[in-house]
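Every chain is numbered from 1 and lettered A, B, ... according to where its sequence line falls, protein lines coming before strand lines.
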There are 2 protein chains.
Amino acid sequence: MANIKEIARMAGVSVTTVSRVLNNHPYVSKDKRAAVLQTIEQLNYTRNMNAVHLITGRTGAVAVILPYIHAFYFSIIMNGLAHEALLSQYRLILCQSNYLEEEEIKVLEMLRHKEIDGVVIVSTALKPDIIEEYTAYGPVVTCQDSGERRYSSVYIEHYAAFREGLEYLTGKGYRSIGYCEGRSNGSSAVIRQAAYREFIAEHKLAFEEEWMIYDCTTEEDGAAAAQSLLKMPQRPEAMIITGDHVAAGLIIEARRAGLSIPGDLAVMGFDNQPIGRLLQITTMDNHLYEMGAAAFRIIHEQIHSERPEPVYRKLDYRIIERSTV
Amino acid sequence: MANIKEIARMAGVSVTTVSRVLNNHPYVSKDKRAAVLQTIEQLNYTRNMNAVHLITGRTGAVAVILPYIHAFYFSIIMNGLAHEALLSQYRLILCQSNYLEEEEIKVLEMLRHKEIDGVVIVSTALKPDIIEEYTAYGPVVTCQDSGERRYSSVYIEHYAAFREGLEYLTGKGYRSIGYCEGRSNGSSAVIRQAAYREFIAEHKLAFEEEWMIYDCTTEEDGAAAAQSLLKMPQRPEAMIITGDHVAAGLIIEARRAGLSIPGDLAVMGFDNQPIGRLLQITTMDNHLYEMGAAAFRIIHEQIHSERPEPVYRKLDYRIIERSTV
DNA sequence: GCTTGCTATGGAATCCATTTCATACTTTAC
DNA sequence: GTAAAGTATGAAATGGATTCCATAGCAAGC
């Protein structure tokens, strides 16, 4: 395959001039530019981008760390990221970590190896201290609230959002509220648990330990949760559920068992997913697309800034009132 | 940042020896290896992978072209791809094209620029001839049946699979069958339409043009389709629907309107999605995860083979009988 | 004792583009 | 008329690795 040297030789100019043509530098005469372009055409030449990356120290790529893509929550954030990346002519390298620290570190190492210009961490199993070490090699943005670290974050205030959900439910008169959560030890799950317990205590609401149901990540987990509820001697009047698809599973199963929603059981979901719209689930919209988009915009800005300062961007959220509460 | 030359100087060896240590070449004495490793540790050295990519002509990355990731169909294929990529220590570059030819070409150009080692095209708007041009620069695998082209493919026989679905329905006694499809001009959609029309004609089944409903890609499109069905003077006894989430929308809406499924309307879905399992939708499992996994395995093999021959891998499919037919 | 063959090591070429620096010719400005 | 600014061009240094080739010591084989 032809290289820049050969083009230069054939077009009768210097390598520098060819490079100038390739990069649209103004100081090239019309004739020479034309000669170079013709030779390029003739030899079907293109740059070897690896050489460009080597000498410029930039790759035009950003890696994204998330556990798995086949989950609405992550795929929507990814969608926001991808859309902005497209606009900025950046490439995204997708790394499904499955929460394996080893894999996540491997991605951060890519930053050190100069294979990528930045890293967006959508969700991680890594400790903030480890992530911080890598900020020496390039910008990092997380989609989790990590406090004021040496890397940026775009996050939802899970504590406040969850409280607002609970307040909405109590405002509607419900005095006993259950809770379905995903991974029990996830960083946002821990925050929500605290919000839940504190709110219950403050408002002296009814509470049973079994009303907190963990590891609900699929529609079927929601259906299983409904089954558990049906077997309980004391059932809560309302459920708050992180993820509309889980809420959907619970609602469908509960209805199948003859419960009326919200009459016998009120349900509030999270994430404003399409399935939630279909089932008219009252939900907390936490602007996931915007989260991804904002994360990319921040990392893009930081890549192009001389001395990037970490940014901490808080996203807003809002309740979408439909008919399951 | 330190480079290999500096390491060599500090460790008192040649650059070649450092490279040998880095690449685990056997012909390095114990002492020198130790000295090199210690210097590397001391200077916190890592290779600049761009230099490695330049000289080796490999990048260890494969690009994936798909229209959007926030759709079950694509996210599951991506999951299969990602899982295999992880096993092979390969990186995936995700390109959401939104079916913009311009963006898709850009990705193929990356192959020409040597930025990636291969391309997996999950779904595309490009003509096969254009894709074929790029096979000169590296291996390409599609997840569509493109016939015997100069690039590989992993595909489902949509014609046969769809026919089998129709046969299943007629086997159950249904004599009038409607049809919900996604993008009407999608490559697999076109094949299914043919299968549908031909099957109807062959078996002399009842048919109304309005029983073919297009552009059903979301749950809500399914719900809208249910509304259309309800308004029809002549309603089919069964519906065959490409995508369980669309089928779910249709079922939920139809039940809401008082129809009994399958009594008043039988529904057969596609893709074996979680929501389908929850609603007990009879569906056609077309092994999407396996499709992604196989696509990666093929491209990986071709990257490492001297003279890769295109491979055409046909996947099987099977009906999962549940309770909506 | 001499030929092979293996281990160990380094020099130099190679991959391919960008960019700095040096040079020289034109304009423009005062 | 001369200094300053702008245009046009190329040589050479640079980024940072891998790998071919040459050399040499040493053990085994006959």
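Distance A/Leu22 CG to C/dA17 C1': 9 Å, rounded to the nearest Å. As rounded to whole Å, 6 Å separates atom P of C/dC16 from atom CG of A/Asn48. As rounded to whole Å, 14 Å separates atom P of D/dT14 from atom CG of A/Leu54. Between the CD atom of B/Glu115 and the P atom of C/dC16 there is a distance of 15 Å, given to the nearest Å. A straight line from CD1 of A/Ile7 to C1' of D/dG10 spans 17 Å, rounded to a whole angstrom. In this structure, CG of A/Leu43 is placed 13 Å from P of C/dC16, rounded to the nearest angstrom. With rounding to whole Å, A/Ile4 atom CD1 is found 18 Å from C/dT14 atom P. For the pair A/Lys114 NZ and D/dT14 P, the interatomic distance rounds to 18 Å; values are reported in whole Å.
If you look at B/Tyr90 and B/His300, their ring centroids are closer than 6.0 Å.
Between A/Tyr73 and A/Leu288, some side-chain heavy-atom pair lies under the 4.5 Å cut-off. B/Glu109 has its side chain out of reach of B/Glu115: every pair of non-hydrogen atoms, C-beta onward, lies at least 4.5 Å apart. No side-chain heavy atom of B/Asp145 sits under 4.5 Å from any side-chain heavy atom of B/Glu157.
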Sugar-phosphate means primed atoms, P, OP1 and OP2; the rest is base. With that split, encode nucleotides 5-10 of chain C 5' to 3' as B, S or - using protein heavy atoms under 4.0 Å. -SBBBB
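One finds a side-chain N or O of B/Arg47 lying less than 4.0 angstrom from the OP1 or OP2 phosphate oxygen of D/dT18.
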Test log, rule side chain to side chain donor-acceptor pair (under 3.5 Å), inputs B/Asn3 and B/Arg47: CA-CA 7 Å; B/Asn3 59 23; B/Arg47 279 184 282 198; over 6 Å; no
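Backbone-only engagement by A/Asn23 is indicated by non-hydrogen atom pairs under 4.0 Å involving sugar-phosphate atoms exclusively.
In this structure, A/Arg112 fails the cation-pi test against B/Tyr45, since its NZ or CZ atom is not both closer than 6.0 Å to the six-membered ring centre and inside 45 degrees of the ring normal.
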